[in-house]
Amino acid sequence: MLTEPEAVALQQTLRQRVIQHDAFPRPIRLVAGADVEYNPHTELIAGAIVLLDADTKAVVEVATHVMPVSFPYVPGLFSFREMPPLLAAYGKLHQQPDVLICDGHGLAHPRRFGLACHIGVELDIPTIGCGKTRLTGQYENLAAGRGSTAPLTDEATGEVLGLVVRTQPGINPLFVSVGHRVALPTAAGLVLAMSEAVRQPETTRQADAYARAALLHALQ
DNA sequence: GCGACAG
DNA sequence: ATCTTGTCGC
C-alpha cells in the first residue's frame with residue numbers, strides 16, 4: 001500500500017494527463033455507472049460497473065468484484081480506496097462503455113484529481129465525476145427547477161472546478177466535474193439526461209444496487 | 001489554532 | 001459507506 005505522501009505525489013503526476021475536452025466517438029450508446037459498497041465487519045469492499053443503454057436506460061451488462069479493502073478512507077485520497085474493486089470489475093466486462101459516470105468527484109478535488117480523473121486516466125476512457133456532496137469549491141444558491149446549474153469555483157483563483165446541477169426540482173443538487181475526455185457542459189448534460197425522474201443518475205443507482213448485492217452475496 | 005472533509 | 005421511523009412540509 002502507498003503511504004499518504006506517496007499517494008499525493010502520484011496524484012500530482014497523473015493529474016497532468018487529464019483531458020478536459022470531448023474526446024470520444026459519438027453518439028453515446030452505452031453509459032456506465034460505477035459505485036462501491038463497504039462492510040466494516042469483514043473489511044470487504046465491493047465494486048460494481050453497470051452498462052446502460054443511453055436511450056432506454058436498460059441494463060445491458062453488469063460486472064462486480066469483491067475484495068478486502070486496502071486503503072483507509074481519507075478525503076482527497078478516495079480513489080486509492082475505491083479504485084481496486086472498480087478496476088477489477090471493469091476488467092470483467094465483455095463490452096466497453098462510451099462514457100463512465102463515477103460516484104465521486106473528478107476535477108472538483110483539492111489537487112484536481114478525484115476518483116473520476118484517476119479511473120479515467122488509468123483506463124484512458126471518458127469519465128465524469130458526479131458527487132452527492134461538496135468536497136471543495138464554493139457556489140451560489142441555484143434556482144429550484146430541474147436543470148438549474150451554478151458554477152463550482154475555487155474562490156482563490158476563480159478556477160471553475162465543476163457545475164452544481166439540480167436534477168430534480170427542490171432536491172439537493174449534484175456536483176458534476178470533468179473526469180477525463182469529457183467537457184464539463186457535456187458531462188452536466190449527460191448526468192441530467194440520466195436523471196430524468198430521480199436525484200442521482202440511473203447509472204449510479206443501478207451500480208449502487210449491484211454493488212450492495214455483490215457484497216451481501218460475499219457475506220453469505 | 002480552528003473548521004472542513006467525495007464514500 | 002453504514003446505523004435507522006416517523007414525521008414535517010408542499
Side-chain angles (χ1 to χ4, degrees), chain A residues 4 7-8 10-11 14-15 18 33-50 64-87 89 100-122 127-139 143-146 152-156 161-180 184 187-188 191 199-201 203-219:
Chain A
E4 291 190 19
V8 169
L10 184 56
Q11 290 180 324
L14 294 179
R15 63 185 281 189
V18 171
D35 196 18
V36 160
E37 295 284 324
Y38 172 66
N39 180 276
H41 298 309
T42 58
E43 297 197 338
L44 288 176
I45 190 168
I49 307 276
V50 178
T64 62
H65 189 81
V66 184
M67 64 190 292
V69 74
S70 59
F71 201 91
Y73 170 67
V74 180
L77 296 178
F78 189 48
S79 61
F80 294 91
R81 179 179 178 86
E82 296 217 339
M83 268 189 55
L86 290 177
L87 292 181
L100 172 65
I101 299 177
C102 301
D103 184 36
H105 300 290
L107 288 182
H109 175 280
R111 287 171 295 279
R112 315 293 180 253
F113 197 71
L115 171 69
C117 297
H118 201 161
I119 291 182
V121 165
E122 180 73 32
T127 59
I128 292 169
C130 184
K132 294 184 292 295
T133 61
R134 189 197 72 98
L135 172 61
T136 191
Q138 296 76 41
Y139 62 100
R146 163 173 158 83
L152 180 70
T153 60
D154 181 330
E155 288 283 282
L161 305 180
L163 276 176
V164 188
V165 180
R166 185 100 62 189
T167 56
Q168 290 303 315
I171 301 299
N172 287 158
L174 299 178
F175 297 76
V176 178
S177 57
V178 168
H180 187 51
L184 184 56
V191 166
R199 181 194 178 214
Q200 292 206 88
T203 39
T204 302
R205 301 183 71 240
Q206 293 290 347
D208 178 83
Y210 281 102
R212 165 171 267 127
L215 188 57
L216 289 177
H217 182 72
L219 299 178

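In what follows, every chain begins at residue 1, and chains take the letters A, B, ... in the order their sequences are listed.
When all heavy atoms of A:R146 and A:Q168 are compared, the closest pair comes out as NH1-NE2, 3.9 Å.
Summarising the geometry, the separation between CZ on A:R111 and C1' on B:dA4 is reported as 14 Å, rounded to the nearest angstrom. In this structure, CZ of A:F175 is placed 9 Å from P of B:dG7, rounded to the nearest angstrom. For A:D208 and B:dA6, the CG to P distance is 17 Å, given to the nearest whole Å. Atom CD of A:Q200 and atom P of B:dG7 are 8 Å apart (whole Å). Rounding to whole angstrom units, CD of residue A:E82 and C1' of C:dT2 are separated by 14 Å. Taking atom NE2 of A:H105 as the reference point, atom P of B:dC5 lies 10 Å away to the nearest angstrom. Taking atom CZ of A:F78 as the reference point, atom P of B:dG7 lies 6 Å away to the nearest angstrom. The separation between A:I128 atom CD1 and B:dA6 atom P is 21 Å, rounded to whole Å.
Proximity of A:R81 to the phosphate of C:dA1: no side-chain N or O atom is located under 4.0 Å from OP1 or OP2. In terms of phosphate contacts, A:K132 brings no side-chain nitrogen or oxygen within less than 4.0 Å of OP1 or OP2 of B:dA6. Contact annotation: A:R134 side-chain N/O to B:dC5 OP1/OP2 distance is under 4.0 Å. Residue A:T133 has a polar side-chain atom (N or O) positioned under 4.0 Å from OP1 or OP2 of B:dG7.
Under the 4.5 Å side-chain criterion, counting only non-hydrogen atoms from C-beta, A:V18 is in contact with A:V121.
Residue side chain A:Y73 meets the stacking definition with respect to B:dG7: its ring centre sits within less than 5.5 angstrom of the base's six-membered ring centre, and the planes differ by less than 30 degrees.
Among the heavy atoms of the strands, none lies under 4.0 Å from A:L174. As judged by a 4.0 angstrom heavy-atom cut-off over every strand, A:D103 is placed among residues touching the sugar-phosphate backbone only. Among the heavy atoms of the strands lying under 4.0 Å from A:L115 is at least one base atom, whether or not backbone atoms are also near. Nucleic acid contact class of A:G129 (heavy atoms, under 4.0 Å, all strands): none.
Listed nucleotides C:dT2, B:dA6, B:dG7 differ in distance to A:R212; the shortest reach to its side chain belongs to C:dT2.
For A:Y38 and A:Y73, the ring centers sit 6.0 Å or farther from each other. In this structure, A:H118 has its ring center closer than 6.0 angstrom to the ring center of A:F80.
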Run A:D103 and A:K132 through salt bridge (Lys or Arg N to Asp or Glu O under 4.0 Å) and show every step you take.
CA-CA 8 Å; A:D103 184 36; A:K132 294 184 292 295; 3.3 Å; yes
